[in-house]
Each structure stands twice: as C-alpha cells, then as structure tokens.
*Asks:* 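Okay, here's the structure, questions in a sec.
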Amino acid sequence: MQHIRLGKELAQTDFGSDPSWRERIDELTNYDEALVPDYEVPSPLLKADGSKVRSAFDWVNFRRPEILQLYKDEMYGQSPPLPDQVSYQLLSCRHDALDNTALRKEVRLHFRMRSGKAHYIDLLLYAPKSAAEKPAPAFLGLCFKGNHACTDEKDVRMSGARQKDPELLQEEMRGTQVERWHFRELVKAGFAGVVACYHDIFPDRADGWQDSVLSLFEDLQGFRGSHQYYTAIGAWAWGLSRALDYLHSDPWVDASRVAVHGHSRLGKTSLWAGASDPRFRIVISNNSGCGGAALARRMLGETNIVIANAFPHWFVKPFRKYIANEENMPFEQNFLIALCAPRPVAIGSASEDLWADPKGEFLSGAHANEVYALFGSEGSGTFTQPEPGKYHSADISYHLRQGKHDQTAFDWHHYVQIAEKYFFRS
Ligand code: GCU
C-alpha cells in the first residue's frame with residue numbers, strides 16, 4: 001500500500017512553503033477498493049473509560065458532549081462567541097419575485113463589538129407567497145460564488161467581496177449556480193430557501209483570517225494557516241447558526257423547521273453546523289467527502305495529509321497529528337453523524353466522485369445507527385449501500401447519484417422528499 005507508506009514518510013513534512021508537494025497528490029491517493037486497509041470503525045457509544053453508553057440519557061448528557069468537545073479541540077475548532085451587538089437590516093423586499101411566484105428579501109446581519117470592530121453577512125431569502133400568512137419551513141445553506149450566482153434574478157445584490165476575487169463580482173457570475181439552489185422548485189413545494197456566501201464569513205484562503213468574522217474576537221492581522229482554536233469550517237458553521245438566529249425573527253420562515261444543507265466543503269460545514277447546533281432539524285451533506293461524511297480510516301480518495309496541507313485553515317493545529325495517522329484518531333466520521341441523532345440526516349454521494357469516497361460517506365451513516373437506536377430509530381436501517389440512482393429514505397437517508405461532484409436537481413428531489421416527510425407529515 002504505497003499511498004499509505006508514502007503518507008507516513010511525508011507526514012512530518014511542512015508543505016506550507018513548498019507548493020511542489022501537490023504534484024505528489026496522485027501518489028498519495030488510492031481509488032482502489034482492494035487497497036483499502038483493514039480498518040475497524042470505532043463505536044461512538046464506547047466512552048473514554050472503556051464503558052458503553054446504554055441509554056439516550058447517557059448519550060445526551062455525557063457521551064455526546066464528550067465527542068463534541070473532541071471535535072472542537074482536534075478538528076473543527078471552538079464555536080466563536082456571540083458579538084457584543086447583533087442587528088438586522090432589511091436591504092430589499094419584493095412580493096413579485098421569480099416571475100411573481102415568490103417573496104424575496106435581502107437582509108444584512110450586522111455584528112458589532114464595543115471595540116468598534118464590525119462585520120456583516122448578507123442573506124438572500126426566497127419564500128412561497130403563502131408565507132406572508134403562514135411561515136414556511138426552510139432550507140438554509142452557504143454558497144461558493146456569491147448570492148447573485150444562486151439566482152437568475154439580476155437585481156440581487158452581489159456578495160462574496162471579502163474573497164477579493166474580482167471574478168466573483170463580475171456580471172457574468174450571475175445565475176451560474178442556479179441549479180445548485182433550486183429556489184423556484186423549493187418555493188413551488190412550499191419551502192423557503194436561504195443563502196449567504198461563505199466568503200463573507202471567512203474568505204476561503206489560508207490567509208483569510210484577518211478578513212473573517214473571527215477577527216471581531218482576536219487580532220488576526222497577517223495570520224495564516226492553522227489556528228490552535230479556530231477554523232474556517234467552524235466560522236462558516238457559526239455563520240449558519242447566526243443566520244438561523246435571524247430566521248427566528250423573520251415572519252415568513254418557521255425557524256423550528258429549518259434544514260441545513262451544503263455541498264462539498266460546505267457539506268462538511270453543514271454537518272458540523274448540524275452536529276453542533278441542534279436547532280437545525282434536518283442535516284444534509286452533499287458530496288462532503290474527507291473531513292465530512294466519509295470515513296477517514298478507509299483512506300480512499302482524499303486523506304488527511306492532502307486536506308490538512310491544501311486547506312490548513314479548515315482545521316485546528318492539533319488535527320495535524322492525524323496526518324497519515326487516520327487509524328489512531330479517537331473519533332471517526334460516523335461520530336459526526338451520530339451527534340445529530342435522532343434528527344434526520346441525509347447523505348448524498350455521486351458515483352464519479354471517488355475523491356469524496358461515496359462508500360465511506362454511506363458507511364459513516366450506517367455506523368451511526370447504534371446511536372439512533374438509543375432513541376428508538378433504525379437510523380439508516382441498512383449496512384448495504386443503495387444502488388446508484390435509488391433514494392434510500394430513512395432517519396439516515398442516502399443516495400448515490402450517477403455523475404460528478406455537484407448538487408443537482410436529482411439530489412434536490414431527495415432532499416425535498418425528506419423535508420416533506422419530516423416537516424409536513426410528522
Ligand atoms: C477540494 C477538497 C475537498 C472539498 C472540495 C470542494 O476537492 O479537496 O475536500 O470537498 O474541494 O469543496 O469542492
């Protein structure tokens with residue numbers, strides 16, 4: 001297993017100053033199921049002292065907080081505090097959006113500190129017209145390319161400026177990710193759809209710290225790489241929670257019925273947001289892969305050595321001790337799914353997205369079943385990965401879409417079905 005040997009050899013190397021290591025990513029990566037090492041998926045129910053959790057009471061009060069703390073200390077970082085002052089500014093409001101089928105508003109979330117430091121995030125929100133009388137359940141997620149990329153409506157404000165990438169703010173960027181957001185269809189099905197750009201919370205680069213919301217709480221001028229306590233993923237998840245705070249005050253949205261969703265690195269983020277903030281009623285991971293739903297120990301596709309060096313700002317410094325050392329992690333990604341129990345979780349994979357290890361994404365859900373069982377739920381109810389193109393709907397749902405790394409209408413149909421089941425029928 002050449003990829004594993006090479007990883008161990010390079011584990012202590014500091015890649016930060018040497019971009020040439022990227023050329024070795026192929027050598028470090030395995031896509032062959034036959035070369036997956038023998039591994040054992042740890043049980044989330046096994047406590048640090050060797051005893052086993054036997055009741056939901058024990059899980060909720062003792063084991064869950066222990067695992068949450070482990071993830072904060074070793075992977076996603078601490079949850080940032082609340083700013084001294086939070087206020088909401090309505091930037092625009094229309095009752096004739098999406099060809100007169102929807103309500104739409106843009107809202108700025110202002111965060112201010114007594115020190116004078118300030119930061120804001122812009123939300124774009126669509127809701128069905130009926131929401132004017134009766135609040136609608138919502139899908140909330142972050143986007144890569146600015147709110148203006150998620151809609152074909154040309155008068156939506158551009159966002160994402162903190163990334164300082166002029167391409168994001170070009171007119172041509174408008175509407176380029178409409179399928180990923182599915183707003184017209186969501187509204188038709190009776191849901192609100194809410195988005196903010198992740199760069200506005202933490203610009204996604206190793207030196208994004210000083211322009212991030214975290215700089216409200218600490219002087220991060222000139223800081224780059226991994227921080228001991230905070231991460232970009234933690235900041236993005238924090239942003240989702242602050243957006244949910246806002247939704248509690250929005251009369252168009254029923255904030256007790258919000259599904260958090262995200263694709264890829266933002267799927268890692270939605271899982272962490274859902275795991276750390278139980279107010280999210282459904283948690284959706286789309287192609288989240290390594291550091292998201294995929295089991296780390298399988299080392300198929302992306303592994304810790306690649307992710308931690310390519311994206312040092314995503315994880316805390318202590319995570320580096322698990323580079324090429326996946327087998328000794330005191331947790332596994334089935335723990336992350338288990339933290340959401342007994343709330344519904346949906347995991348979506350894509351057949352050509354081996355980088356994200358679809359089978360590993362499925363298995364982490366199945367290996368959370370024993371925690372769901374404490375609540376009388378079957379979880380996924382199966383250890384057999386569903387056929388490509390089939391929706392497996394359960395408290396832990398799964399599907400393997402045929403095709404590439406993306407969030408498409410096929411993925412959305414499943415997520416909408418699940419939200420209909422839990423938000424409208426139970
Ligand atoms: C890279 C990265 C993945 C991530 C993906 C994305 O491929 O290695 O971990 O999920 O980008 O966010 O699109």
Side-chain angles (χ1 to χ4, degrees), residues 3 7 15-16 19 21-31 75-76 141-146 149-150 160 163 165 167-168 176-177 179-181 195-199 201-206 208 226 231-237 239-240 260-274 283-296 298-316 319-320 322-324 326 329 333 336 347-362 364 401 403-408 411:
H3 62 290
F15 294 112
W21 78 273
R22 284 169 190 264
E23 288 158 20
R24 307 199 73 174
I25 290 180
D26 283 352
E27 282 175 81
L28 286 163
T29 307
N30 168 48
Y31 293 115
M75 199 161 173
Y76 305 115
L142 299 176
C143 70
F144 288 85
K145 307 231 180 246
C150 308
Q163 179 62 342
D165 174 359
E167 214 178 290
L168 289 182
T176 50
Q177 300 221 306
E179 192 189 7
R180 283 234 179 127
W181 291 88
V195 63
C197 180
Y198 79 143
H199 292 308
I201 305 169
F202 189 121
D204 191 5
R205 46 189 155 82
S226 318
T231 67
I233 291 182
W236 298 326
L240 286 165
V260 65
H261 72 100
H263 169 63
S264 205
R265 66 197 70 185
L266 294 173
K268 311 181 206 304
T269 302
S270 62
L271 282 174
W272 178 235
V283 183
I284 299 168
S285 147
N286 193 78
N287 304 182
S288 63
C290 179
L295 291 178
R298 282 172 46 79
M299 302 189 71
L300 191 133
E302 188 174 26
T303 54
N304 288 353
I305 191 168
V306 174
I307 202 166
N309 285 299
F311 307 100
H313 53 300
W314 289 3
F315 304 107
V316 285
F319 184 68
R320 293 192 64 87
Y322 302 119
I323 288 180
E326 277 81 349
M329 291 170 76
Q333 295 309 86
L336 186 63
I347 300 171
S349 305
S351 61
E352 292 168 34
D353 186 20
L354 290 187
W355 184 240
D357 185 12
K359 186 166 177 193
E361 292 180 310
F362 165 73
S364 66
R401 172 175 49 74
K404 292 191 180 16
H405 187 68
D406 200 354
Q407 184 164 335
T408 70
D411 300 305

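When a ligand or atom number is given, it counts from 1 through the structure's own listing order. These numbers come from the heavy atoms of this one structure, side chains and all, not from hydrogens, waters or symmetry mates.
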*Asks:* So, does His263 sit close enough to ligand 1 that a heavy atom of it is under 4.0 Å from the ligand?
*Replies:* no
*Asks:* Can you sort out which atoms of ligand 1 are near Trp314, meaning under 4.0 Å from one of its heavy atoms?
*Replies:* 9 (O)
*Asks:* Any idea which heavy atoms bring Cys150 and Val195 closest together, and the distance?
*Replies:* SG-CG2, 4.0 Å
*Asks:* Looking only at protein heavy atoms, which one is nearest to atom 8 (O) of ligand 1, and how far off is it?
*Replies:* Glu302 OE2, 2.6 Å
*Asks:* Looking at every non-hydrogen atom in both residues, tell me the closest pair between Ser270 and Gly262 and how far apart they are.
*Replies:* OG-N, 3.5 Å
*Asks:* In terms of atom number and element, which parts of ligand 1 are under 4.0 angstrom from non-hydrogen atoms of Ile307?
*Replies:* 9 (O)
*Asks:* Output the list of atoms in ligand 1 that are nearer than 4.0 Å to some heavy atom of Lys268, sorted by atom number.
*Replies:* 3 (C), 4 (C), 9 (O), 10 (O)
*Asks:* Would a distance-only check, ignoring hydrogens and angles, find a side-chain to backbone donor-acceptor pair under 3.5 Å from Ser226 to Pro312?
*Replies:* yes
*Asks:* Note the single closest protein heavy atom to atom 11 (O) of ligand 1, along with its residue, its atom name and the distance in Å.
*Replies:* Arg265 NH2, 2.9 Å
*Asks:* Among protein heavy atoms, which sits nearest to atom 7 (O) of ligand 1, and what does the distance come to when rounded to 0.1 Å?
*Replies:* Trp355 NE1, 3.1 Å
*Asks:* To the nearest 0.5 angstrom, please state how far the CD1 atom of Ile307 sits from the CH2 atom of Trp314.
*Replies:* 5.0 Å
*Asks:* Can you say whether the rings of Trp236 and Phe202 are parallel (under 30°), tilted (30 to 60°) or perpendicular (over 60°)?
*Replies:* perpendicular
*Asks:* Counting non-hydrogen protein atoms only, what is the nearest one to atom 5 (C) of ligand 1? Give residue, atom name and distance.
*Replies:* Ser264 OG, 3.1 Å
*Asks:* Please work out whether the ring planes of Phe144 and His263 are parallel, tilted or perpendicular, with thresholds of 30° and 60°.
*Replies:* perpendicular
